[in-house]
Amino acid sequence: MDIRNIAIIAHVDHGKTTLVDELLKQSGAFRENQAVAERAMDSNDIERERGITILAKATSVEWKGTRINIVDTPGHADFGGEVERILSMVDGVCLLVDAAEGPMPQTKFVTSKALALGLRPIVVLNKVDKPDAEPDRALDECFDLFANLGANDQQLDFPHVYASGRAGWADAELDGPRKDLSALFDLIVRHVEAPKQIAQAKEPFRMLATTLSADPFIGRILTGRVESGTLKVGETVKALSRKSEKIEQFRVTKILAFRGLSQQPIDEAVAGDIVTLAGMTKATVADTICDLSVEVAIPAQPIDPPTISVTFGINDSPLAGRDGKKVQSRVIRERLMKEAETNVAIKVTDTPGGEAFEVAGRGELQMGVLIENMRREGFELSISRPQVLFKEEDGARMEPVEEVTIDVDDEYTGAVVEKLTGPRKGDLVEMKPAGAGKTRIIAHVPSRGLIGYQGEFLTDTRGSGVLNRIFHGWTQHKGPIQGRRQGVLISIENGTAVAYALWNLEERGKMFVVPQDPVYEGMIIGEHSRDNDLEVNPLKGKKLTNVRASGTDEAVRLTPPTVMSLEQAIAYIDDDELVEVTPNAIRLRKRYLDPHERKRQSRSA
């Protein structure tokens, strides 16, 4: 059977996973009466809750005698490690672009990786049935994007279709019949080259492992594209590291191939197909699985380095161990090392003392997803404020810079530009009308300046602004950048918060806790209205007397507290503060719970 391997790439929320749903339905991958969840490829709980793709996943459809292996990729740059690995498995890319928004930052990130590998793109202008769609403008912007990224003449001569993934149609012309996706299927078969590996079928077996996972029944499994040769179940192969060093020799116990949303066992893997192998115990991502006669490993695609680091430590607060079952540093370390093995964009290092671990990654969202997964597994953690990673170059200290693309209502443009170019030390690159009363702002801002900015941005734009960011490059260190301006309210007692005490404290600032919440000494219970920290007593109740007076019997009416998500809490804290994460709670606290140590630290600061 003919084979085509293609990746679908796009910005967050441009409709990749929805389009894949329709491709599966119209190719006959589902029975007519089969119940299929919306966005079927987003199998992870967090993916479904947040509506984003986090893990790259493969599927397979048949169209007129051709098997099309499709890889659904994450759109967010924080999960770029997933994208960089899987692009080596495909022979073409399908670039999905919202006809109203045009190419966005994450589109640029993934497309640059695909063009550098020499892949020829197909452009799908999605959501052309939206009222504000401008497909011609979006098409022109795609051409400009490819030209700016250094595409060759073949890549610039790209075919395109107009589509609506939700409605399930794609046409070569904007005013086409709008019936089904056959135009897109035919274009993929016609435009994407068949794998070159098929011509190498008689050579020894070689496969580059690109994703690693585990199955509860068959154990460790590796997925990749067969570069040459064939492999049958039961044959003995070996794993080579990137330096062509032998890691292990093992017998292949199972070969799985993608068929629709499931994987089915097959007897033989052929060159050019994307398959999953079982039987290894040590082999991992970027290793070469090959015949015993092969001595040289397949070159692996280099991965961009991490840009931020977060310290994961044990939860040593007075409330530790009440919610979670996994609280020991040894268990936390094992889980982080397991994550680093499967996620090539994460690096874990031990800190002196052994009770905390430095985890370096791509961004706050990637760290947030990892922490959220761990808390759902029963872990309790204390998390530090993200720190930007610097590097030395020719004796100068360099720091990462991100390209920020903002779509905001015209009336809030001044406030956004002032914040980015003033205290956050950004450089304005471009500012132009985006239609419908909105302005598009593009700026290069140090990564340090963007930590904690999302909440402030939403406040400045009354929740109407959209901010996207992507790693741009390195620049010389830009000096100190002001952090959070407000101080915090710190509890000086252990116990349960009292409504009367919180009511009296409301004039001091915004509360983070509600009555009956457990609090402890050193825990942050609110944000101070001024720039200094203030120690308060949230347990102080009303004194009871026999005297009755109108002034003393005033009703307690509390303002709803500020409830932070995990990412908001991590971005909010200062360098001397931590986020306490448990399966049921997210709390903020000072790094030093002992009051004398806390006062000594504040005096020295």
Side-chain angles (χ1 to χ4, degrees), residues 3 5 7 55-58 69 71 73 81-91 113-114 116-119 194-215 218-258 263 266-304 337-338 340-347:
I3 296 174
N5 297 319
L55 302 171
K57 291 173 285 290
N69 290 318
V71 183
T73 64
E82 290 282 330
V83 177
E84 291 165 68
R85 287 185 300 179
I86 62 91
L87 285 179
S88 61
M89 290 200 299
V90 299
D91 302 293
K113 299 292 182 185
L117 289 171
L119 301 176
K196 298 183 180 68
Q197 290 78 6
I198 293 178
Q200 303 167 349
K202 294 183 180 178
E203 295 182 13
F205 173 79
R206 293 186 307 148
M207 184 188 96
L208 180 66
T210 50
T211 60
L212 169 70
S213 53
D215 184 276
I218 59 178
R220 192 185 188 91
I221 54 177
L222 284 168
T223 302
R225 179 175 64 175
V226 181
E227 295 291 327
S228 64
T230 59
L231 179 71
K232 293 183 178 179
V233 176
E235 289 187 5
T236 301
V237 293
K238 66 180 178 181
L240 296 177
S241 69
R242 278 174 278 195
K243 297 179 181 178
S244 299
E245 298 168 348
K246 183 177 176 181
I247 299 171
E248 65 171 326
Q249 184 173 312
F250 63 93
R251 178 178 167 273
V252 178
T253 57
K254 209 154 210 173
I255 303 175
L256 303 171
F258 292 95
Q263 284 187 292
I266 57 174
D267 295 327
E268 184 179 36
V270 297
D273 205 359
I274 296 174
V275 296
T276 300
L277 305 182
M280 71 289 298
T281 56
K282 297 178 184 176
T284 186
V285 171
D287 291 342
T288 300
I289 312 299
C290 58
D291 188 81
L292 298 178
S293 62
V294 176
E295 298 296 333
V296 180
I298 301 170
Q301 186 72 13
I303 303 296
D304 285 349
M337 290 302 178
K338 182 181 176 184
E341 189 176 16
T342 58
N343 190 340
V344 293
I346 281 181
K347 289 183 172 58

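Along the sequence shown, residues carry numbers from 1.
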Quiz item: Are the side chain of Asp287 and the backbone of Thr284 linked by a donor-acceptor contact shorter than 3.5 Å?
Solution: yes

Value rounded to 0.5 Å, distance of [atom1] in [X] from [atom2] in [Y]:
| X | Y | atom1 | atom2 | value |
| --- | --- | --- | --- | --- |
| Asp273 | Phe258 | CG | CZ | 10.0 Å |
| Cys290 | Met207 | SG | CE | 10.5 Å |
| Ile255 | Ile266 | CD1 | CD1 | 6.0 Å |
| Phe205 | Leu292 | CZ | CG | 11.5 Å |

Decide yes or no for [X] and [Y]: does some side-chain heavy atom of the first lie under 4.5 Å from some side-chain heavy atom of the second?
| X | Y | result |
| --- | --- | --- |
| Leu231 | Val252 | yes |
| Leu87 | Met89 | no |
| Val237 | Asp291 | no |
| Leu277 | Lys254 | no |
| Ile274 | Asn5 | yes |

Practice problem: Consider only side-chain N and O atoms of Thr236 and Gln249, and report whether a donor and an acceptor are under 3.5 Å apart. | Solution: no

Quiz prompt | Distance-only donor-acceptor check, side chains Thr281 and Glu248, under 3.5 Å | solution = yes

Heavy-atom pair of closest approach, residues [X] and [Y]:
| X | Y | answer |
| --- | --- | --- |
| Ile218 | Ala278 | CD1-CB, 4.0 Å |
| Pro204 | Ser228 | O-OG, 2.7 Å |
| Ala271 | Ile3 | O-CD1, 4.5 Å |
| Ala269 | Val226 | CB-CG2, 4.1 Å |

Quiz item: Do Asp91 and Arg225 sit within salt-bridge range, that is, some charged N less than 4.0 Å from a carboxylate O?
Solution: yes

Self-check item: Lys/Arg N to Asp/Glu carboxylate O, Glu295 vs Lys246, below 4.0 Å
Solution: no

